[in-house]
Number of protein chains: 2
Amino acid sequence: MSRIPRNRLGDLERAVLEHLWTGAAPPAGATVRQVHDAVGLERGLAYTTVMTVLDRMAKKGLVTRERDGRAWRYTAAASREELTSESLHHALGELAGTERRSALLHFLDESTPEELDELRAALAQLEARSIGTQPPARRPRAGHLRRGPT
Amino acid sequence: MSRIPRNRLGDLERAVLEHLWTGAAPPAGATVRQVHDAVGLERGLAYTTVMTVLDRMAKKGLVTRERDGRAWRYTAAASREELTSESLHHALGELAGTERRSALLHFLDESTPEELDELRAALAQLEARSIGTQPPARRPRAGHLRRGPT
DNA sequence: TAGCATCTACGACGTCACGTAGTCGACGCA
DNA sequence: TGCGTCGACTACGTGACGTCGTAGATGCTA
């Protein structure tokens, strides 16, 4: 069973994900060669290095892969936004109520006006969307990247 | 030069911080012995283990220490809230504008009603506080835990 | 058909962060 | 003077990552 997608990504892992997220990668998924050409060559990496990383990432559930002839086609398992959201929840998840409020205040306090605007906009958008959508009693957090039982 | 305070804390490191944050630790800072008694004993750890961890944390800037006779007194360098806030910014920091909005939306979407309420409250509190406080042209983010040049 | 290219599968090695702990020497108190 | 307490150092095991090399299978081509 795939391990918990660690929040902490390595540099190369992150670069690979960046590539997969970019429009540069084919929608159907990129092959090792393509990823290597894109992020491996400029770093002077061997083809196998990229392959190994991709393989490990697949095992960790960070990317998914599908056969395409002899080769695999890799796709990011989660969008950058999902991963970020996950990180945010993770960071906040360890705090109890009071502390959470306090942490949020800190966070907002250190945010740029742009960030605050974005946050307000997102909040407004969420509220607008939920109108007419009778909120289900309590929606547990999405679990697409949730860790398995123990 | 102290390294960047990694976001990723080890289990023991986190436990130690938790203790230092708790009222259980003396305000003046806890000695190795005190930390050991509090979090080391229950884990069956050796005194030196806790000492080593504390020492490393001090070198990483996660805790500060002051001499108290022959011993050191350790204090958390940042509050839990500051650390969390830092994590949040870190997570969000890698995204460009559009993606950030999207990530925030994801985040909010997966938040519990309680969390949303807390966020709104914090936002309101911030706005209330800034009234009358002519916002400085642009306040760069707080840098108490900022990495040094390089 | 013999080569050569292209892929994946596996195994390896180095480094770094952490958890864990032992040893040693300095120091203070009975 | 001897015991107990502390910090400084050193060390070892493990796991995550970056980085490759080699071995096979497969496919294209002269």
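All chains are named by letter (A, B, ...) in the order of the sequence lines, taking the proteins before the strands, and each is independently numbered beginning at 1. On a predicted model such as this, the values are computed, not experimentally measured, just so you know. Side-chain atoms are counted along with the backbone in the values below, which use heavy atoms only and exclude waters and symmetry mates.
Atoms CH2 (A:Trp72) and C1' (C:dC7) sit 12 Å apart, rounded to a whole Å. Summarising the geometry, the separation between CZ on A:Arg67 and C1' on C:dA9 is reported as 10 Å, rounded to the nearest angstrom. Atom pair A:Leu12:CG and D:dT19:C1' shows a separation of 9 Å (rounding to whole Å applied). In this entry the distance linking CG of A:Asp68 with P of C:dT8 reads 10 Å, nearest Å. Straight-line distance from the CD atom of A:Gln34 to the P atom of C:dT8: 11 Å, rounded to whole Å. Rounded to a whole Å, the CZ atom of B:Arg14 is 11 Å from the P atom of C:dG19. When rounded to the nearest whole Å, the span between NZ of A:Lys59 and C1' of D:dG15 equals 16 Å. One interatomic measurement links the two molecules: NE2 of A:His36 to P of C:dA5, which rounds to 17 Å at whole-angstrom precision.
Taking only side-chain nitrogens and oxygens, A:Arg33 comes nearer than 4.0 Å to OP1 or OP2 of C:dC7.
Looking at heavy atoms from C-beta onward, A:Arg43 lies out of side-chain contact with A:Thr49 at the 4.5 angstrom threshold. In this structure, the side chains of A:Val32 and A:Trp72 stay at 4.5 Å or more apart for every pair of heavy atoms.
Using a 4.0 Å cut-off between charged side-chain N and carboxylate O, B:Lys60 and B:Glu13 make a salt bridge. B:Arg100 and A:Glu114 are not joined by a salt bridge, as no carboxylate oxygen comes within less than 4.0 angstrom of a charged side-chain nitrogen. For the pair B:Glu66 and B:Arg73, the salt-bridge criterion is not met [side-chain N within less than 4.0 Å of a carboxylate O]. Under the 4.0 Å criterion applied to side-chain N and carboxylate O atoms, B:Arg14 and B:Asp11 are not assigned as salt-bridge partners.
For DNA chain D, the residues of residues 39-57 of chain A within the heavy-atom distance limit of 4.0 Å (strictly under) are A:Gly44, A:Leu45, A:Ala46, A:Thr48, A:Thr49, A:Thr52, A:Val53, A:Arg56, sorted by number.
Checked against C:dC18, D:dG4, D:dG7, the side chain of B:Lys60 finds its nearest nucleotide in C:dC18.
Along DNA chain C, the nucleotide closest to B:Glu13 and the one closest to A:Thr31 are compared, and the more 5′ of them pairs with A:Thr31.
Using a distance-only test at 3.5 Å, with no hydrogens or angles considered, no donor-acceptor pair links the side chain of B:Arg101 to the main chain of B:Leu104.
Between the side chain of A:Arg70 and the base of C:dT6 there is at least one donor-acceptor pair of N/O atoms closer than 3.5 Å.
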